[in-house]
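As structure tokens, the structure follows; a few thoughts come after it.
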Amino acid sequence: MTTHAVDATQELAAFLRTRRERLDPDDFDLPSRRRSRRTPGLRREEVAELAGVSIDYVVRLEQGRGLRPSVDVVEALSRALRLDGDERAYLFGLTRQRPRHTDEPATAPAPSLARLVTDLSPLPAMLLNHRYDILTWNPEMARLLLDFDTLPPAKRNAMWLCLLHPEMRDVYLDRESVVREGVAHLRAAWAAYPEDRALTDLIAEFTARDAEFARLWNERDVKVNGRGRKEMRHPEVGVVALDFEVLAPLQDSDQRLVIFRAADGESRGALGRLGVG
């Protein structure tokens, strides 16, 4: 079998047909119709009714006639066809649209990821959401930065700590680069989660209380940094250089696993004195 490059229009048509044909009409609260069904699944007019679009529109989509549905139409078709999360993402990909985030932002760690953070010891690790809220951490991360248990939950935010916590303001040697990267990440998250009021309020607080954040926010840099190096001043062992990786789980897309490692032998020795890998 030869595999060709995807013709998105024709694949969209085929995908919609197969999703429609697999549905059982008895699972839907649809008006009864007298004529018998000659093909499996829902009829096109029933999909149109469920999605709130015209029958002609559904016909043209299934015939691959070059339509590009809007975000609202793609959402409506996803609901009408009862697509799961992966199918919904596939439909959005075929239509070259960006899906809205329909799930509430994570405020608690996924249990399996929380166990992973613990299992990563002695490497310092923590789990964040898109706002930089710290959802969970292992003891090594607390020894490296600070005891997060001493903070109220609302203040367990990596950006808040960097900007506004007195003990953290001078931790990073290249503080401006760290803040710049954080601001660029938050701007990307702000665009991806436009209805996240908590994120909007957090940005407003940072803008009002930190002049450096306000200046960098107005520069409108956008970047999500998945790896890099940070140099930190630790009150017990002095300056340490750390490499970090940020991993994004497929199943919990709003959560980010951050892992630190010593960047050189001297830093490895310093971390060892802290009981950190």
Side-chain angles (χ1 to χ4, degrees), residues 1-113 129-131 188-200 224 247-256:
M1 183 178 68
T2 302
T3 301
H4 301 283
V6 174
D7 182 330
T9 300
Q10 294 305 314
E11 176 59 20
L12 173 63
F15 184 66
L16 292 174
R17 288 196 302 271
T18 59
R19 298 308 92 176
R20 173 174 61 81
E21 291 168 356
R22 73 175 183 174
L23 296 172
D24 186 345
D26 293 336
D27 292 337
F28 295 80
D29 184 19
L30 293 166
S32 59
R33 292 178 169 88
R34 292 181 180 177
R35 62 188 176 92
S36 62
R37 294 177 183 269
R38 294 176 293 178
T39 57
L42 296 183
R43 298 187 177 105
R44 286 167 174 163
E45 59 263 33
E46 291 167 337
V47 171
E49 183 179 337
L50 290 167
V53 297
S54 70
I55 299 172
D56 179 64
Y57 194 84
V58 173
V59 170
R60 285 186 290 160
L61 282 174
E62 289 197 2
Q63 290 178 345
R65 288 161 59 181
L67 299 179
R68 186 188 179 193
S70 67
V71 171
D72 288 337
V73 170
V74 177
E75 290 281 13
L77 289 169
S78 297
R79 291 191 298 268
L81 296 170
R82 298 188 175 179
L83 303 185
D84 64 23
D86 293 331
E87 292 169 330
R88 175 178 175 270
Y90 187 64
L91 182 60
F92 269 95
L94 291 174
T95 57
R96 304 294 192 267
Q97 298 286 9
R98 188 174 72 173
R100 298 188 182 101
H101 290 277
T102 57
D103 298 330
E104 288 294 317
T107 56
S112 60
L113 294 177
N129 64 12
H130 67 272
R131 300 184 198 125
W190 182 63
Y193 294 83
E195 298 179 3
D196 183 357
R197 185 65 195 177
L199 175 60
T200 301
V224 179
L247 308 179
L250 289 175
Q251 291 298 108
D252 299 281
S253 59
D254 184 44
Q255 303 188 31
R256 298 289 182 269

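Note that the structure is a prediction, hence the values are computed from the model and not measured.
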**Message:** Would the distance check show the side chain of Gln97 and the main-chain N or O of Pro69 forming a donor-acceptor pair, the cut-off being under 3.5 Å?
**Reply:** yes

**Request:** Please report the closest heavy-atom contact between Arg131 and Leu199, naming both atoms and the distance.
**Result:** NE-N, 3.9 Å

**Request:** Check Arg98 against Ala191 and note the closest heavy-atom contact, atom names and distance.
**Result:** NH2-O, 3.4 Å

**Message:** Is any side-chain heavy atom of Phe28 closer than 4.5 Å to one of Glu46?
**Reply:** no

**Heavy-atom closest contact (Ala51 atom, Ala76 atom, distance)** = O-CB, 3.3 Å

**Asked** What distance do Leu61 atom CG and Arg68 atom CZ have between them, rounded to the nearest 0.5 Å?
**Response** 13.0 Å

**Message:** Between Arg82 and Arg79 (side chain of the first, backbone of the second, donor and acceptor by atom type, cut-off under 3.5 Å), is there such a pair?
**Reply:** no

**Prompt:** Do the ring planes of Phe15 and Tyr90 sit parallel (below 30°), tilted (30 to 60°) or perpendicular (above 60°)?
**Reply:** perpendicular

**Prompt:** For the side chain of Thr95 and the backbone of Phe92, is there at least one donor-acceptor N/O pair under 3.5 Å apart?
**Reply:** yes

**Request:** Report yes if some heavy atom in the side chain of Asp56 is under 4.5 Å from a heavy atom in the side chain of Arg60; otherwise report no.
**Result:** yes

**Prompt:** Is it true that a side-chain atom of Asp7 and a backbone atom of Gln10 form a donor plus acceptor pair closer than 3.5 Å?
**Reply:** yes

**Request:** Could you tell me whether the side chain of Leu81 reaches within less than 4.5 Å of the side chain of Leu91, counting heavy atoms only?
**Result:** no

**Asked** Does some side-chain heavy atom of Leu77 sit less than 4.5 Å from a side-chain heavy atom of Leu83?
**Response** no

**Asked** Rounded to the nearest 0.5 Å, how far does CG of Asp252 lie from CG of Asn129?
**Response** 12.0 Å

**Prompt:** Val53 versus Val47: any side-chain heavy-atom pair under 4.5 Å?
**Reply:** no

**Item:** Sole candidate of Glu21, Glu62, Glu49 that passes salt bridge (Lys or Arg N to Asp or Glu O under 4.0 Å) when paired with Arg44
**Value:** Glu62

**Message:** Please enumerate all residues that pass side-chain hydrogen bond (donor to acceptor under 3.5 Å, both in side chains) together with Glu87, with sequence neighbours excluded.
**Reply:** Arg19, Arg22

**Request:** Determine the minimum heavy-atom distance between Gly64 and Ala13, stating which atoms define it.
**Result:** N-CB, 3.7 Å

**Request:** Specify the closest pair of heavy atoms between Ala80 and Leu23, including all atoms of both residues, with the distance to one decimal.
**Result:** O-CD1, 4.0 Å

**Message:** Under the criterion side chain to side chain contact (heavy atoms under 4.5 Å, CB included), I'd like the reasoning laid out for His130 against Arg256: C-alpha separation, chi angles, the key distance, then a yes or no.
**Reply:** CA-CA 8 Å; His130 67 272; Arg256 298 289 182 269; over 6 Å; no

